[in-house]
Amino acid sequence: MILDKINSPEDLRRLDIEELRPLCGEIRDYIVRCCADNPGHLASSLGAVELIVGLHYVFDTPKDKLVFDVGHQAYAHKILTGRKEAFKKNRMPDGISGFPNRDESEYDAFGAGHASTSISAALGMAEAAKLSGTGEKVVAMIGDGAMTGGLALEGLNNAGWEDTDLLVVLNDNDMAIDGNKGALHSYLLKLTTDPAYNRIKTRIWEKLGAGKFRNRIQWFVRKTKSGLVTTSGGDLFEAFGFRYFGPIDGNDVVEVVKTLRRLKDIKGPKILHTCTVKGKGYAPAESDPTTWHAPGKFNPKTGERQVKEYSASRYQDVFGQVLCELAEKDPKVVGITPAMATGSGMSGFAERFPDRFFDVGIAEEHAATFAAGLAAGGMKPYCVIYSSFAQRAYDEIIHDIALQRLGVVLCLDRAGLVGEDGATHQGAFDMASLRCIPDTVIAAPKDETELKRLLYTGTGIKDGPFVIRYPRGLGEGTDWRNATPEPLEIGKGEKITDGEEVAVLALGPVVNRAVEAAERLRKETGKGPAIFNVRFLKPFDPGIMEEAARFRNILTLEDGCLKGGLFSEVSEYVASRGLDITVKGLGIPDRFITQAPVTRQRELCGLDTERIYSEIAGLFQKLLKKFWIIRINAYLCNPFAKGNIH
């Protein structure tokens, strides 16, 4: 096995070029075997193996910098850079991250988890290298999906203007290359990447100097070359100031290496267009790359997936089915997603209402403003974005939706703790960031039925954003399909149980764990707290707070960051009124939460039933202790006072 001898890119660069073909096969097989037992992002990483091998083979990493976009295609990179054994624990609590992480390896030049960041980051590194005179090369590797993001285009525009020495490798896994094969195409590609050709070309441009004549000659050459070399949109990149090369077969490692060697010393911004097959080398993933993007556990030999039998509906499926119900009843209801149709449960809506379904690509900012435009035009847009991805649309939510009081329903999927995807994907910050925006409604359902009712409530929203946040994965098992879809009163929560001494204010599905903890405590001690389902973080229910203010202690529970969310809301209420009440909060602490199963992450954040029980029981014990201290002090001061005589 060649892979057994590879523990670093230095080992890789000692191989003969022809040994790279079998090595790629071994890496691909290793990824499949590891991901079969320990699920991860499979299809994207399989398609990028040859590109990653070629980049590490040609460039002097880690001195030269390789910047990944998103990073879910970087498994071969991790395996080649000293993490081969560690990859067996990819995405595990005691293992490595599923994405590039600067704290994990010197080979991870820039961390990633969201799309479209690579070009801007790589440009910054390239400029830093130029200013410091280190001479290192910088390469950004970006997929065709991520290229739709506005940040990627901003990076391209800036890099072309600065004329920075930067190579962008476009990993295009959704475009055929048959039309670009042939002798003429291959000859012209070799010619344009040839060092002698580029030295002569550079001298000619220098002789021509600056001015209109040179600009016209360069324009003519670019138009001629683009017409001969490519039919795949090279003009676009040339317009940004990049020299365009390709497309080439990105799954032919020898062709990749030969092309990269020719491009390595060409100065200025340049882009290599490579075409790859998502899921390459593993038949099930090649035939269905969407399913095999993150397939869960599977049999590596047969491709048989371990399909889970769910005990309850998943929140994203509830959203998708209810949205279809709403669209059947109201022709103004439309659905929007930034490239997350399957993950957010919108595939059925897309099939049934194709004219009212909009997948805008990886462009969260555009999705928000596009939804605002639809609302301004009289439609009822439901825009679903993963909570952590919605962070990118913050300005648009304020400027284009809230400020203009437009009725957009923002459905924040994957809110709260998300599990093995780790720190880059936790939906921790949406409540804290959105609570301060005027005219914004923020709701979190405690279960599937309440999500259904909130979605129906959204059809009546006309002024300002209506935010519904819900977690990834299974609900509580309620009979939401047969539940009456009665809209909920905006800003109105509910009392779940009566209690003594302690009020628990919970937001979202953590309400159910609070009820479990309270029931256990009441069985053991005969006492228990009052439980309130806050339901709306904004506007906050004054009735709940007025009733909760009668208790000596308040415990808040939320699956968002403690700073700025429900705990802050309640603490501000108590402080502003000078109330003598102790407020404690359980939620996501002030740190980034790394990869682990959601159940483990809940334990770490104190949002599991056991910790909630302990906190409530602790508050009752403190109250009891305080009661006896007061009684004893009173007796010592005046033992004959009424009530102190025994």
* Leu537 backbone acceptor or donor facing Arg435 side chain under 3.5 Å -> no
* Under the 3.5 angstrom rule, does the side chain of Lys380 hit a backbone N or O of Thr459 as a donor-acceptor pair? -> yes
* Using a strict cut-off of less than 4.0 Å between a Lys/Arg side-chain nitrogen and an Asp/Glu carboxylate oxygen, indicate whether Lys89 and Asp94 qualify as a salt bridge. => yes
* Asked: What do the steps show when you test Glu615 against Arg611 for salt bridge (charged side-chain N to carboxylate O under 4.0 Å, His left out), and what is the final call?
  -> CA-CA 6 Å; Glu615 286 293 330; Arg611 175 64 184 280; 3.1 Å; yes
* Test side chain to side chain contact (heavy atoms under 4.5 Å, CB included) applied to Leu374 and Ile336, step by step -> CA-CA 10 Å; Leu374 284 164; Ile336 305 156; 3.5 Å; yes
* Start with the C-alpha distance between Tyr75 and Asn90, add both sets of side-chain angles, then the distance that settles side-chain hydrogen bond (donor to acceptor under 3.5 Å, both in side chains), and finish with yes or no. => CA-CA 9 Å; Tyr75 287 178; Asn90 184 43; 3.3 Å; yes
* Hey, is Asp317 close enough to Arg314 for a salt bridge, meaning N to O under 4.0 Å? -> yes
* **Leu66 CG to Thr61 OG1 distance, which is reported to the nearest 0.5 Å** => 7.0 Å
* Are any side-chain N or O atoms of Asp69 and backbone N or O atoms of Thr117, one a donor and one an acceptor, separated by less than 3.5 Å? -> yes
* To do: First locate atom CG of Asn158, then atom CG of Leu123, and finally report the distance between them rounded to the nearest 0.5 Å.
  => 5.0 Å
* To do: Please work out which of the three classes, parallel, tilted or perpendicular, describes the rings of Tyr107 and His77, given edges at 30° and 60°.
  => perpendicular
* Within the side chain of Ser387, is there an N or O that forms a donor-acceptor pair under 3.5 Å with the backbone of Asp413? -> no
* Decide, yes or no, whether a salt bridge links Arg600 with Glu603 under the criterion of side-chain N to carboxylate O below 4.0 Å. => yes
* Go through the side-chain N and O atoms of Thr337 and Asp359 and say whether any donor and acceptor fall under 3.5 Å apart. => no
* Asked: If only atom types and distance count, is the side chain of Tyr456 paired as donor or acceptor with the main-chain N or O of Leu451 below 3.5 Å?
  -> no
* Under 3.5 Å donor-acceptor, Asn512 side chain and Asp447 backbone -> no
* Tell me whether the centres of the aromatic rings in His114 and Phe389 are closer together than 6.0 Å. => yes
* Test: Asp559 and Arg469 ion pair at under 4.0 Å -> yes
* To do: Taking the six-membered ring of Phe298 (Phe, Tyr or Trp), confirm whether the NZ or CZ of Arg305 is under 6.0 Å from its centre and within 45° of its axis.
  => no
* Are the side chain of Tyr382 and the backbone N or O of Leu455 linked by a donor-acceptor pair below 3.5 Å? -> yes
* Counting distance only, does the side-chain N/O of Arg102 pair as donor-acceptor with the main-chain N or O of Ala109 below 3.5 Å? -> yes
* To do: Check whether the side chains of Glu396 and Thr369 place a donor and an acceptor atom closer than 3.5 Å, and report yes or no.
  => no
* Asked: Between Phe99 and His72, does the ring centroid distance fall short of 6.0 Å?
  -> no
* Asked: Between the side chain of Thr440 and the main-chain N/O of Ile437, is any donor-acceptor distance below 3.5 Å?
  -> yes
* Asked: Is the shortest side-chain N to carboxylate O distance from Lys452 to Glu448 below 4.0 Å?
  -> no
* Asked: Do Arg513 and Glu476 sit within salt-bridge range, that is, some charged N less than 4.0 Å from a carboxylate O?
  -> no
* Gap between atom CG of Leu46 and atom CG of Asn173 - 0.5 Å precision -> 11.5 Å
* Do the charged groups of Lys446 and Glu494 touch, with an N to O distance under 4.0 Å? -> yes
* **Tyr30 and Lys88: CA distance, side-chain angles, deciding distance, side chain to side chain contact (heavy atoms under 4.5 Å, CB included) verdict** => CA-CA 10 Å; Tyr30 187 73; Lys88 294 175 181 177; 3.4 Å; yes
* To do: Using a strict cut-off of less than 4.0 Å between a Lys/Arg side-chain nitrogen and an Asp/Glu carboxylate oxygen, indicate whether Asp108 and Arg83 qualify as a salt bridge.
  => yes
* Does Asp541 pair with Arg535 as a salt bridge, N-O distance under 4.0 Å? -> no
* **N/O donor-acceptor pair under 3.5 Å between Glu420 side chain and Met92 backbone** => no
